[in-house]
Amino acid sequence: MPYHPMSDHDDEALLAAYAAGDPEAARALTGRLLPRVFTHAVRMLGDRAEAEDVAQEALLKLWRVAPDWRQGDAKVTTWLYRVTANLCIDRMRRRRTGPALDAIPEPVDPAPSAAQTLQTRARADALQDALLQLPDRQRQAVILRHIDGLTNPQIAQIMDIGPRAVESLTARGKRALEAALIGRRAELGYEGDD
Amino acid sequence: MTERKDRTADTGLEAFFDAARQESPDPGADLLARVEADALAHLPRPGTRSATGLRFFGQLRAAVGGWPGVAGLAAASVTGLWLGISPPDGVSDLLAGSGAGALSLDPLSEFDLTMLEG
């Protein structure tokens, strides 16, 4: 990622600078937030093209709300995750014709051996397939907790539910994922890892 | 390895999550350019924003009943100020005639002046 002179600032400070008309803040925020928003949208939707639209729309909402942003009310990322997930869920409800299976994330950095990369890719793809079979809210909670690494209180804020409900959603989601993936362990190279 | 540890701790799912984290999709240069263009197109103009001030006046406006309330409040304030600065002749006469002499419009009473003189 290119270095930005504002990379030391937190998101809220950058947004305040953006609202004050600083174009450097616009670039720094885009570089920092777009990958998170886009990745979350791809995982929720399983469709790269739709995820691009959602990411652009979510960030457009941020640019528009920036002048009225109240410092200290919410974290920018929390707000963005919520907006992104809501846009994704709206789209999923509209289409409901099944996930697009040709939109698995692209590989990013093939630094390890080719075989390892392929295996990692295969596992990520398998997980993505399984995630797309989950109900929307379970999928959202599992992605936020176990892939994006957010805490339960953060997820509760994003999803507007209590922490116990988050635990319940992630637990049910993981059980469903285990059931879906257990039959593919040998195919995905887990037997050879022992 | 992480997978080995997680296989017991999390029945193997962590290995899949780990793979997903390694395979994070890249937004790509086109999308980055589009979003950056949006950000710059919506960039507020410097010096035209006072979010805190605007919020305060927005709340004040709502409290007095919107723009008609603001207009009424402003008119009443200006009228009061004007009456204070330049009271019409009739007001003092009226007060004197009604026996309300104690309610003088003189902002500095004789008592205050005496105190100031020591």
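The figures that follow rest on heavy atoms only: side chains count, while hydrogens, waters and symmetry mates do not. Naming: A, B, ... by sequence-line order, numbering from 1 per chain.
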Do you reckon [X] sits in the same ILVMFWY cluster as [Y], going by side-chain contacts under 4.5 Å, direct or chained?
X: I143(A); Y: Y81(A); answer: no
X: L131(A); Y: V166(A); answer: no
X: L134(A); Y: L127(A); answer: yes
X: V42(A); Y: V83(A); answer: yes
X: V35(B); Y: V76(A); answer: yes

- Message: Taking A20(B)'s backbone N and O only, do any of them form a donor-acceptor pair with R43(A)'s side chain (distance below 3.5 Å, no angle check)?
- Response: yes
- Contact winner vs chain B - L181(A), V37(A), L60(A), L62(A), heavy-atom pairs under 4.5 Å: L181(A)
Do [X] and [Y] have side chains that get closer than 4.5 Å, going by heavy atoms?
X: L177(A); Y: F17(B); result: yes
X: F38(A); Y: L31(B); result: yes
X: D26(B); Y: P35(A); result: no
X: H146(A); Y: L13(B); result: no
X: Y18(A); Y: L40(B); result: no
X: L32(B); Y: L34(A); result: yes

Pairwise distance [atom1]([X]) to [atom2]([Y]) - rounded to 0.5 angstrom:
X: H42(B); Y: R64(A); atom1: NE2; atom2: CZ; value: 4.0 Å
X: L59(A); Y: E36(B); atom1: CG; atom2: CD; value: 11.5 Å
X: D22(A); Y: L43(B); atom1: CG; atom2: CG; value: 7.5 Å
X: R21(B); Y: D148(A); atom1: CZ; atom2: CG; value: 9.5 Å

- Item | chain B contact via I147(A) - which portion, at a heavy-atom distance below 4.5 Å | both
- Task: Using non-hydrogen atoms and a 4.5 Å limit, figure out which bit of A126(A) sits close to chain B: side chain, backbone, both or neither.
- Result: side chain
- Query: So with a 6.0 Å cut-off around CG of D30(B), is the heavy-atom count from everything else above 12?
  - Reply: no
- Message: Minimum heavy-atom separation for G28(B) and R48(A), please, with both atom names.
- Response: N-NH2, 4.3 Å
- Query: Under 4.0 Å between a Lys/Arg side-chain N and an Asp/Glu carboxylate O for E52(A) and R34(B)?
  - Reply: yes
